[in-house]
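Proteins come first, then strands; the chains are lettered A, B, ... in the order of their sequence lines, and each starts at number 1.
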Amino acid sequence: MNHRISIVVVLLLPVLAHTGSPSVPTMKLVREVAIPGDLLSAARVPGSDKLYVGGNNGKLHFIDLADAKPKPISWDAHVSYVSGLAWTGKYLISAGSDHQLIWWDSETRTKVRSIEAHPKKWIRAIALSPDGKWLASVGDDMICRLWEPETGKPIREMKGHEALTPAGLVSKLYACAFSPDSKHIATGDQIGHTNIWETATGKLVKKIEAPYFYALGSGHTAGGIRSLAFSPDGMLLAAGGNVWGDTSTIAGSKALVQIFDWKSGKKTHDFQMAKNNFIFERIRFHPKGSWLVAAGGAGSGQKMVFFDIQKKAVLHEAGLNTLVFDIVLDESATTLYGVGKGNAFQWKLQD
Amino acid sequence: MPQLSLRSTVYGSAEHVLSRRAFFGATGGALLGGALGMNALASPAFANQLQRDQKRVLMIFLNGGMSQFESWDPKPGRPTGGPFLSIPTSVPGYRISELMPEVATRINRYTAVIRSLDSRNGDHTDFTIFGGKPKQGPVRYPSLGCMVARELASPDSQVPDHVLFTNYLGENMFESAGFLGSRWNPINIVPGQIPAGRQPPFQSRQPVLNLAPPANRLPDSLTDADHREREALRNQLSQRFAAGRGRDNVLLSHSTSYGRVRGMMESARLFDIEQESATMRSRYGSTPFGQQALAARRLIEAGVPYVRVNRGWWDHHGQNAEFHGEMVPELDHVLSVLLDDLQERGLLRHTLVVTFSEMGRTPIINNNNGRDHFPLMSVTLSGCGIRPGVIHGSTNDTGTAIATGRITLQQFFATIMRAVGIDHQKEINNTDGRPVPLTDYGTEPLAEVLA
C-alpha cells in the first residue's frame, strides 16, 4: 500500500477575532497520514500518539504518529463499517455495522472474542466509562447495552427509545456517552431524543427532547443526534448532529450543536451553522470545559468548529481539506487527533 | 342491506357467481342509498369472479431512484457495498440486503428478480415509465401504465381503469396517454399537503393523507338529480356532435370520461380503507405508503386493471445509508404484506406486482455519504404470469457493470405485458393513423421469468 505521509510545517487556520477567556486555540497540522478508505472511528492509547482507526472497509489500523515515518498496520476486522472503537488497556474493542462487538488483544492484535451484540442491527457507537468499569453499545435495535469491558459479559439492557419515528419508519440510536463520574450514560437517537440512564441500575433518570434534530413534515427524517458529550464537571450534556431538512437528501443540512443542563432538561446553548450543509459527526469538550470542538463529517462543511461555552459563541471555524468523522483530544487538550476520508491527522492546539 | 344479484353456475354455488356488474349495481345502489355495500369485497365469491375476468397490474414505482445496493443486489464487504450486510433468501444462492428480511422469505413463492435492467437513464425524467420513448414530438408515445390499462380494461367497467397514488415529495413522473387519448390517463391521487410553515420544530405534524380522488363526490351545490339531468343533456349533445365524425380517439376519450363519472362516484368507497378491518389496516402499517398500498389492493380487488403507487423520495445523494435504512424496511414490509394479502384472496395469480425505479444508484459513495444517479437497476415481478424464484442477470462484484443478462426497458415492458396476456407487439394507430407497436418491433420479452 502506498501510504502518503506529509508533515506540514505550519498551517494556521482561520481564526475569528474574539477576546477574553478562553483564548482562541490555533490548530497546527503536524501530521497527516494516508490510510485507504473512509476512516470512521478512532481510539487513542492514553499518554501517547498511538491511534487505532476503524474504516468503512471493515479494516482496523494501528498507527503511531510519534514515529518519524508513521506506517499503519492494518488488518481485517469486520465485514463492513467499523463504527466504534474503545481501548481498555488490555483490549481494543471494535464495533461494526455487521452487528458485532469484537475484542482484540492490544499486544498481539488477535481476536479474543466476537459477540453479536445487537442482533441483525448496525452498532452505531460504543463508549468506555471513565472509570473503566463499563462498556456501552448502542445500535439500531434502539437498545443501549452495558458490558464488562474485560470479559464481554453482558450486564444489562436499557430500552426506552422509540423504535419508530413519528413517520412510522424505523429509527436509529446513534450516540452514547458516559458522564465524567461514570454514574450516568446518555444515549441519543434519530428523532432528537436523549435518555440519561443511571449506569449502576439502568434506571432512566431523564429524557430530553432536543428540537431541530428531527422533523416529520418534510417526509424525510434525516438529522438525528450523532454525537454526545458531557462537560468535564458533568453538568452539561452536548448533542451534535444536523438540523432536519430536505437538503439532507442532497448534501446534509446545517450542522447543529445543542447543549443542555441535563438535570433540568433546559437547553443552554444552540449553535446552528449558518453556512454549508454538513453534519457534526463528533463533539469533544476541552478537559476544563472552556470550549467544545465539533468535527464536520459528511457534506460540504469540511471544518472543525470551536465553541466558547461561556460566551455561547463560535470561537473559530477551521477549514479542512477533507471530511473528518472522528476526533480525539489528548489529556491536556494540546493535541487533537482526527480521522476522515482517507487520512489520519494530528494537530497541535495552541491557546 | 342491498341484495346482491346471484345466479347459479357450474361451480354450483350461488356465492361463486357474483358478477362485477351485478356487484357494482348493487353496491352502487347501496351507496346512493347511504347503506354500506362494500363488505362484498371480502367475499371469496367476488374474488373468484375476478379470477375469471381480467388480469391486473399493481406497480410500485420508486421515485427518485432506489439503490440496488441496499435492496436487491447488495455487495457487502466491497468498496461499493455500504454498511449493510446481505442475508440469504428462500432462493438458494440468492442474497438480498439485510434491510429486506420479510421479502427474503417470499421470493421463491412469488417473485422473479431482474438485476440487470439497463435503463440508459441517469436523470430525473419520466424516461423509464415511457420506456425510453418520447412523449412529445411527431408521435406522442404513451407511458406504460396507460398502455397496460387500455389493454386490460373492460369496456363495461364501472371502476377506474388507471389510478396513480402519488407521493408528496419529489417529482412524481406522471403517466401520460399520448396518442391513446386522455381516456387512459390515470386518476392522480395526491396524498396530501405538507403542513404550511415548514420551520422546525414541528415533530408531530403528519401530512394529511388523502386516498381518494378529489372529485368523487358531488359539490354541495349540485343534487344527484341535477347531475343526472346534466349528464343526459351532455350525452345527447355529444352524440349529435360525434355523428358523422367517425372514430376519433380524442373525441371518444372525451365522451367516455364523462360517461364514467357516475361509476367513479358510485365506487367511491373503493378508496376508503376505513372499510377494512383494523387488523388489516394495521397489517399494512401506518405510513402513507402502507395505506396507499392497501387502497391499491382494494382497487385491484374491485377490478381496476392498472394501479400505480409511488413511493419516494429515494434520491439520496447524501446520507444514503440513513435514508435507505428507514425506507427499505418499509418497502420490505409493505410489499410482503401486499403479496400475502393478494395471495390469500386468490388474486395474485391474476395480478402482476411490479417494483420499478426511476433509476439505480451509483456504486461509488460520495463525500456526502450518498449515492448518485446510475442507469443500472434491479426490478422485480411477482404473481401473475411469473415464474417465482427466478433471479435473472447479475452485476459484477462491485456493481459497476452488468455481468450477465442485460435487458432493456422495452424488454422489461414486453415482459410485463406478456405476463398479463397482452400482445406486446400489438399495433395501435396513432393520431395520424400510423400503426405503432406497444413495444418496439422485434422486442423479445424475458422468457426466463415468465411462467
Side-chain angles (χ1 to χ4, degrees), chain A residues 36-38 56-58 78-81 83 96-99 120-122 140 164-172 190-192 209-224 242-253 277-279 297-300 302 322-323 341, chain B residues 64 74 76-79 81-87 98-99 101 167-170 191-207 285-291 312-323 325-330 332-333 365-370:
Chain A
D38 287 1
N56 71 341
N57 51 9
H78 290 264
V79 176
S80 52
Y81 291 11
S83 49
S97 63
D98 60 359
H99 331 141
K120 300 181 180 179
K121 296 295 181 182
W122 183 344
D140 284 353
L164 300 178
T165 69
L169 304 174
V170 293
S171 189
K172 307 165 187 90
Q190 182 186 356
I191 63 173
E209 294 189 15
Y212 302 103
F213 283 98
Y214 174 85
L216 175 62
S218 70
H220 279 109
T221 53
N242 67 310
V243 178
W244 73 276
D246 288 349
T247 52
S248 294
T249 59
I250 305 299
S253 57
N277 291 326
F278 66 109
I279 297 172
S300 55
Q302 300 174 2
T322 188
L323 305 172
K341 205 167 186 66
Chain B
R78 305 298 302 167
F84 298 109
L85 305 186
S86 67
I87 55 174
E98 65 176 331
L99 299 172
N167 55 270
Y168 52 86
L169 271 179
Q193 298 298 316
I194 299 170
R198 297 172 58 185
Q199 294 301 312
F202 51 93
Q203 297 191 7
S204 61
R205 292 190 188 181
Q206 284 273 14
S286 63
T287 64
F289 175 50
Q291 294 176 53
W313 182 238
W314 295 89
D315 192 30
H316 302 154
H317 294 278
Q319 300 291 295
N320 179 74
E322 306 307 321
F323 284 119
E326 64 180 13
M327 290 174 68
V328 176
E330 182 202 33
D332 176 54
H333 177 71
I365 298 171
N366 65 27
N367 273 1
N368 299 315
N369 287 341

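- Using a 4.5 Å cut-off between heavy atoms, B:Pro329 touches chain A through its side chain atoms alone.
- Contacts of B:Glu322 with chain A are made by both backbone and side-chain atoms, with heavy-atom separations under 4.5 Å.
- Of the atoms belonging to A:Lys341, it is side-chain heavy atoms, and not backbone ones, that fall under 4.5 Å from chain B.
- Contact annotation for A:Asn57: neither backbone nor side-chain heavy atoms come within less than 4.5 Å of a heavy atom of chain B.
- Per-residue heavy-atom pair counts under 4.5 Å with chain A were compared for B:Gly82, B:Gly325, B:Pro79, B:Gly285, and the maximum is reached by B:Gly82.
- For a residue to count as touching a neighbouring chain, one of its non-hydrogen atoms must lie under 4.5 Å from one of that chain's; by this rule B:Ile87 does not touch chain A.
- Looking at A:Asp140, there are no atoms closer than 4.5 Å to chain B (heavy atoms on both sides), in backbone or side chain.
- No donor-acceptor pair under 3.5 Å is formed between the side chain of A:Asn242 and the backbone N or O of A:Phe278.
- Options B:Gly290, B:Pro83, B:Ala321, B:Gly77 differ in how many heavy-atom pairs under 4.5 Å they form with chain A, and the most are formed by B:Pro83.
- Side chain of B:Gln291 to backbone of B:Ser286: a donor-acceptor contact under 3.5 angstrom is found.
- Side chain of B:Glu326 to main chain of A:Leu169: no donor-acceptor pair is present (N/O by atom type, distance under 3.5 Å, no hydrogens or angles).
- When every heavy atom of B:Glu330 is checked against every heavy atom of B:Phe289, the shortest pair comes out as OE2-CB, 3.4 Å.
- A pairwise comparison of heavy atoms in A:Pro166 and A:Ile191 identifies CD-CG2, 3.8 Å as the closest pair.
- Heavy atoms closer than 4.5 Å to chain B are found nowhere in A:His78, neither backbone nor side chain.
- Side-chain atoms of A:Ser97 and A:Ser83 include no donor-acceptor pair closer than 3.5 Å.
- Between B:Phe84 and A:Trp122, the ring centre distance stays below 6.0 Å.
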